[in-house]
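Below: the structure, in C-alpha cells.
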Amino acid sequence: MLANYTRSAQALSDLLQREGVEDKEVLKAISQIPRHIFIDDVLKHKAYQNTALPIGQGQTISQPYIVARMTELMRLAGVKSKVLEIGTGSGYQTAVLAKTFDKVYSVERIKALQWQAKRRLHQLDLYNVTMKHGDGWQGWQSQAPFNGIIVTAAATIIPPELLAQLADGGVLLAPIGEAEQKLTMVIRQGDSFTEHVIAPVRFVPLVPGDIE
Ligand code: SAH
C-alpha cells in the first residue's frame with residue numbers, strides 16, 4: 001500500500017471536481033478508494049493521475065474522470081439501486097459503483113481479471129457486489145431487470161439483450177462505435193427507448209461472443 005494514498009486519492013477527487021464532476025457521493029468515493037491496489041506494481045506511481053493505464057491482457061483501467069462522470073450521469077438520471085456493469089476489468093469502476101449504489105452486478109469475460117477484481121473488492125470490504133465470469137453481450141438475465149446498466153468497453157451497436165434487461169425508467173450508458181466512439185445514454189420508458197449522445201470517448205472493444 002502507498003502509505004500516503006489518502007492524500008493522493010483526495011487530490012484526485014479534488015482534481016475531478018475542478019474538471020466538472022459535481023456529485024458529492026461520487027467525489028467522496030474517489031477520495032476513499034485506493035486506486036493503486038487496482039494497478040500492477042510497475043505502474044503504481046501513476047495510480048492517482050487522471051489517466052487510463054494498462055492492466056494486462058490487452059485491457060485498461062479507465063481514466064478516473066470517465067469513471068466518475070459515468071457514475072455521476074447514472075445518478076443524475078435518477079438511478080439509485082440495482083446496477084449492472086459490463087467489463088469489470090480491474091474492478092475500480094466496480095468499487096466506485098459499490099460505494100454509490102445499493103447493489104452492483106458486474107460481468108467480465110476474462111477469468112483472471114474477474115478473480116483479481118473480486119479479491120480487491122473484498123480487501124476493501126465492499127460486499128454489495130456480485131460478479132460473474134461471462135459474456136457481457138448477454139447481460140445477466142437471471143438478475144434482470146436493472147435500474148442502471150453501465151458498459152465499460154465499446155460495442156459496435158447497443159447490445160439488444162442489455163436493453164431488454166433494463167427496468168422501466170432504467171438507464172443504460174455505453175460507448176458505441178469502433179474508430180469513433182460516442183458515449184451514449186439510453187433511457188427506457190415502457191417499450192420506448194430514447195437515445196442521447198453524451199460525448200466522444202475511447203474504450204477498449206466489447207469483444208463479441210466467447211469468454212476466456
Ligand atoms: N471498468 C474497467 C474497464 C476495463 S476495460 C476498469 O476501469 O478497470 C474493459 C473490460 O471489458 C476488459 O476487462 C475486458 O476484458 C472486458 N470485456 C470486453 N468484452 C467483454 C464482454 N463481451 N463481456 C464481458 N466483459 C468484456
Side-chain angles (χ1 to χ4, degrees), residues 9 12 16 21 26 29-30 33-40 43-44 46-74 83-101 104-121 123-124 126 129-141 143-144 146 148-163 165 172-178 181 183 201-212:
L12 176 59
L16 299 186
V21 177
V26 174
I30 300 284
I33 298 170
R35 188 169 183 255
H36 65 275
I37 73 163
F38 295 87
I39 290 170
D40 291 342
L43 289 171
K44 277 204 198 307
K46 294 191 174 174
Y48 296 94
Q49 297 177 8
N50 187 18
T51 52
L53 294 166
I55 55 170
Q57 319 263 358
Q59 307 305 324
T60 53
I61 178 171
S62 305
Q63 184 195 17
Y65 173 78
I66 198 78
V67 169
R69 187 68 186 135
M70 284 174 80
T71 312
E72 173 175 75
L73 283 167
M74 298 284 268
V83 173
L84 171 67
E85 176 191 37
I86 303 298
T88 317
S90 68
Y92 180 70
Q93 168 84 71
T94 325
V96 173
L97 294 171
K99 285 203 179 274
T100 48
F101 295 97
V104 180
Y105 295 83
S106 188
V107 181
E108 167 59 51
R109 67 178 288 277
I110 301 178
K111 184 128 198 140
L113 291 178
Q114 191 240 330
W115 274 64
Q116 203 175 31
K118 193 179 239 178
R119 278 203 306 276
R120 288 166 175 160
L121 293 184
Q123 189 181 338
L124 297 179
L126 295 171
V129 179
T130 309
M131 291 189 183
K132 179 167 100 157
H133 176 225
D135 173 22
W137 282 89
Q138 306 309 317
W140 197 331
Q141 180 60 49
Q143 302 291 349
F146 300 96
I149 300 181
I150 182 166
V151 186
T152 70
T156 44
I157 56 160
I158 300 172
E161 294 295 334
L162 298 186
L163 292 179
Q165 291 172 27
L172 173 140
L173 202 51
I176 304 297
E178 286 175 271
Q181 304 169 6
L183 184 61
V201 283
R202 179 160 284 276
F203 280 83
V204 295
L206 186 71
V207 178
D210 289 352
I211 53 177
E212 300 178 7

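Side-chain atoms are counted along with the backbone in the values below, which use heavy atoms only and exclude waters and symmetry mates. Positions are given from 1, in the same order as the sequence printed here. Counting starts at 1 for both ligands and their atoms, following the listed order. Please read these numbers as outputs of a predicted model, since none were measured by experiment.
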Work out which heavy atom in [X] is nearest to a heavy atom in [Y]; give both atom names and the distance.
| X | Y | result |
| --- | --- | --- |
| Ile55 | Leu113 | O-CD2, 4.1 Å |
| Ser106 | Thr88 | OG-OG1, 2.7 Å |
| Val21 | Val26 | CG1-CG1, 4.3 Å |

| message | With a 4.0 Å heavy-atom cut-off, what residues sit around ligand 1? | response |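 Near ligand 1, by chain and number: Gln59, Thr60, Ile61, Ser62, Glu85, Gly87, Thr88, Gly89, Ser90, Gln93, Val107, Glu108, Arg109, Ile110, Leu113, Gly134, Asp135, Gly136, Trp137, Thr152, Ala153, Val204, Pro205, Leu206, Val207.
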| Under 3.5 Å, is there a donor-acceptor pair between the Gln63 and Thr51 side chains? |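 There is no such pair between these side chains.
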| said: Any heavy-atom pair between the side chains of Leu16 and Asn50 that's under 4.5 Å? | reply: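 Of all side-chain heavy-atom pairs linking Leu16 with Asn50, at least one is under 4.5 Å.
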| Under the salt bridge (Lys or Arg N to Asp or Glu O under 4.0 Å) test, residues paired with Arg35 that sit two or more places apart |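 With neighbours one apart ignored, the set is empty.
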